[in-house]
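Scope of the values below: all heavy atoms of this structure, side chains included, with no hydrogens, waters or symmetry mates. Throughout, residue positions are numbered sequentially from 1 according to the sequence presented.
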Amino acid sequence: MDTLVSPMGTTYRYTVNVAGQDLIIETGKLAGQAGGAVTVRVGETEVFATATMSKHAREGIDFFPLSVDFEEKLYAAGRIPGSYFRREGRPSEQAILSARVVDRPLRPLFPDNMRNEVQVILTAFSHDQEHQVDMIGITAASTALMISNIPWNGPVAGVRIGLIDGELVVNPTISQMASSRLDLRVAGTAEAINMVECGAQEVDEETMLRALKLAHDSIQPLIALQRQMQAEIGKAKSEFISAALPEGLQDEVNANMRGRVQQVLRETTDRSGRNEALDALREELTAGYDARNTLAEDPAKVIPLKVVREAFSNLIAEEVRLRIVNDGVRPDGRDTRTIRPLAAEVGVVPRVHGTGLFRRGETQVLTFATLGTPRDSQMLETLLPEEEKRYMHHYNFPPFSTGETSPLRGPKRREIGHGALAEAALRPMIPDADSFPYTIRLVSEVLSSNGSTSMASVCGSTLALMDAGVPIKRPVGGIAMGLIMEQGKVAVLTDIQGLEDHIGDMDFKVAGTDQGITALQMDIKISGVTQEIMTQALEQAREARMQVLGVILAALPAPRENMSEFAPRMETVRINPEKIGALIGPGGKNVRGIQERTGVKIDISEDGVVFVAGSDSAAVARALEEVRGLTEEPEVGRVYNGKVVRDRKSTR
C-alpha cells in the first residue's frame with residue numbers, strides 16, 4: 001500500500017499485476033460520504049465505484065432492494081453527446097448490459113433476508129479505447145463493498161478470456177478481441193465461479209472448461225488484494241434489518257403440511273393442476289393462522305400472513321429439491337436429462353420477411369426477421385470504438401406470457417439482457433456484409449413462458465433467419481441447464497422449467513451449433529460447483545442441443561433460396577472513391593434524382609461501395625445502370641453513345 005497526501009485528503013493506493021497488466025486501486029480522496037468509494041485503473045481506463053446502504057428498510061417489501069447502475073459518460077472517451085441537449089440521456093444498451101454483468105455476481109453474496117436498500121454506482125471516468133470497463137467494474141464494485149460498512153460475503157473479481165491464434169489470453173484489449181474466437185467474461189469468489197457471460201465462434205466444450213479454469217485462477221490476486229484492503233482500511237460492518245421468519249414458524253408449517261405437499265408433488269405432474277392444489281393448501285394454511293391471529297390477545301403473538309405464505313413456499317422448494325436428488329424425479333415427472341416436447345414452424349405470419357415459431361413444453365417464442373439496407377443499421381454512441389451494427393436482436397416479454405397483467409413500460413433490463421444473449425449466440429453465423437449486405441433485425445416475442453425463453457428465442461431466431469433467406473452458416477440451438485445440490489447429493493437438470501429455475505442453485509444457458517458453443521450464460525447461487533459438475537453440465541447441454549437442432553432442421557433443412565417478395569432486393573457496385581462526388585451531385589441532386597426516378601434506396605460507403613435496394617428487381621437494375629453511367633471510368637477503344645453538349649476545342 002502507498003499512502004499519498006494531498007489537499008483533498010489521504011489517498012491509499014494498491015497495485016496488483018494480473019496477466020502482465022498493473023491494476024491500480026485508490027480510495028480515500030473521493031466521495032467520502034459514500035459507504036465505500038474506489039477508483040480502479042488499468043492502462044488509462046479508470047472506473048469509479050461507490051456503494052451505499054440506507055439506514056432503514058423499505059416498508060412492505062419482500063425482496064432485497066439492490067440497484068447497480070453503470071453511468072456511461074462520453075467525456076471518458078473525449079466525446080460530446082450527439083443529442084439535441086448534448087448530454088447523456090437514458091442508459092445505452094451497452095451500459096445496461098455492463099450494469100447487469102456487475103449485478104449478477106454481487107447479488108447472491110448479500111445476507112439472506114437483508115432488506116436495507118443498497119445502491120452501487122459505477123462511472124467510467126476515463127476510457128483509453130483499449131481496456132474494457134465491464135470486468136474492471138466488477139472488481140471496483142466488489143472493492144467498494146468490501147471496504148464499506150455494508151454487510152456482504154464477498155469479495156468477487158472479474159476477468160475476460162479471449163482465444164487468439166489458438167491460445168487463451170487473459171484480459172485481451174479491444175484491438176486484440178477483434179481476432180478472438182472467444183469473449184468469455186467470468187466473475188467469482190476465491191472458492192468458485194458464480195457468473196459467466198460468453199460469446200464464442202463454435203468453441204468446443206473442452207476448450208471452454210480450460211478457459212473457465214484459467215479465469216478462476218486469474219482472479220485470485222484480485223481477491224487477495226481486496227481482503228488485504230478490508231483488513232487495513234475497511235470500515236466496521238453495520239447491522240442490517242433482517243426479514244427472517246418468526247422463530248419456530250418454519251418447523252410448525254413443515255410439521256402440519258409436509259405430508260400433504262409431498263402427496264401433491266407425487267400425484268400431480270401437470271403444472272396447472274399442481275399449482276391449483278398447492279394454492280388450495282396455502283389458503284387453508286393461512287386461513288388457520290388468520291383465525292389464530294383473531295383470537296390472539298397479545299399483539300406480539302400475531303403472525304403476519306405473508307410470512308406464513310413464505311414458510312409454505314420454503315417447504316415446497318425443499319420438497320421439490322429433495323425429490324429431485326433422492327428419486328431423480330422432477331415436478332413434471334421427467335428425469336434429469338429429458339427435454340420437454342419440442343415443436344418448430346416457419347412462415348407463420350404473412351408479408352413479413354421471415355418468421356420462426358419454437359415451442360418447448362409451455363415455453364413458446366415467435367421471432368420475426370426483417371431485412372433492411374445499410375442505412376437501417378443502428379448508430380452507436382457508447383464508450384466503445386464501434387460506431388454501428390448491422391445485426392440486432394430484440395426480445396420482448398409481455399405479461400400475458402405468464403398469465404399475468406402489468407403495465408407496458410418498454411423493455412426492462414432482463415429483456416435487454418436476454419436479447420443480447422440471443423444476439424451473441426447467432427452473431428458468428430450471420431454472413432458478413434461483403435456477401436450479404438443487408439441490415440438484419442430479429443424480434444423475439446415471448447408468447448408463453450415456463451423456463452428458458454432466451455434459449456427458445458435463439459431457436460426461433462434461427463428458423464426466422466432461414467425462412468427469410470439469410471444464408472446463415474449453420475443453425476443454432478440453445479438449452480437451459482439447472483443444478484440442485486442437497487444433502488451432499490448433486491443433480492444436473494436438462495431443460496429447466498420456471499419452478500426449477502426459481503428454487504435451483506444454477507441457471508446455465510448454452511447455445512451453439514453442431515460444431516461448438518456460440519454463447520454461454522451462467523449464474524450460480526451457491527459455492528462448491530466443481531470442475532466435474534461443469535463438465536457434466538456442458539456434456540448434457542451438448543446432447544440436448546443436438547436434439548433441438550434436429551427439430552429445427554426438420555422444420556426447415558436449409559435457408560430458403562429466395563427471399564420474401566416483400567424484402568428489399570439489393571445489389572452492390574464498387575466505384576472509384578474519387579467519383580463519389582459525381583454520383584452524389586451538387587446538394588445530392590444526382591443521387592436523389594436516381595432514387596426518385598426508380599423508387600430505390602441508394603447508400604454510398606466511403607470506400608466506394610454503392611448499395612442499391614428496392615422491391616422491384618427491374619428498378620434496381622435501372623438504378624445500377626445510371627450509377628455506372630455517372631461513375632464509369634472511360635476505356636480506350638470503347639464506343640460510347642451520348643449527346644455532345646460542349647466542344648472542348650471551341651472553348652476559350
Least distance between heavy atoms, D495 atom then R330 atom: O-NH2, 2.9 Å

Option passing side-chain hydrogen bond (donor to acceptor under 3.5 Å, both in side chains) with T494 (candidates Q540, R337, R334): Q540

Aromatic plane relationship, F48 with F125 - under 30° parallel, 30 to 60° tilted, over 60° perpendicular: parallel

Residues [X] and [Y]: side-chain donor-acceptor under 3.5 angstrom:
{"X": "S92", "Y": "Q94", "value": "no"}
{"X": "Q250", "Y": "N254", "value": "yes"}
{"X": "H393", "Y": "S461", "value": "yes"}

Salt bridge check: are [X] and [Y] linked by an N-O gap of less than 4.0 Å?
{"X": "R271", "Y": "D332", "value": "no"}
{"X": "E284", "Y": "R260", "value": "yes"}
{"X": "K525", "Y": "D523", "value": "no"}
{"X": "R292", "Y": "E252", "value": "yes"}
{"X": "K306", "Y": "D62", "value": "no"}

More than 12 heavy atoms of other groups within 6.0 Å of K235 NZ: yes

Flag if over 12 foreign heavy atoms under 6.0 Å of CD, E267: yes

Heavy-atom side-chain contact between R282 and S313 under 4.5 Å: yes

Option among T453, T363, T402 that satisfies the side chain to side chain contact (heavy atoms under 4.5 Å, CB included) test with V446: T453

Salt bridge (Lys or Arg N to Asp or Glu O under 4.0 Å) between E362 and R340, worked out: CA-CA 9 Å; E362 291 180 301; R340 290 170 290 174; 5.8 Å; no

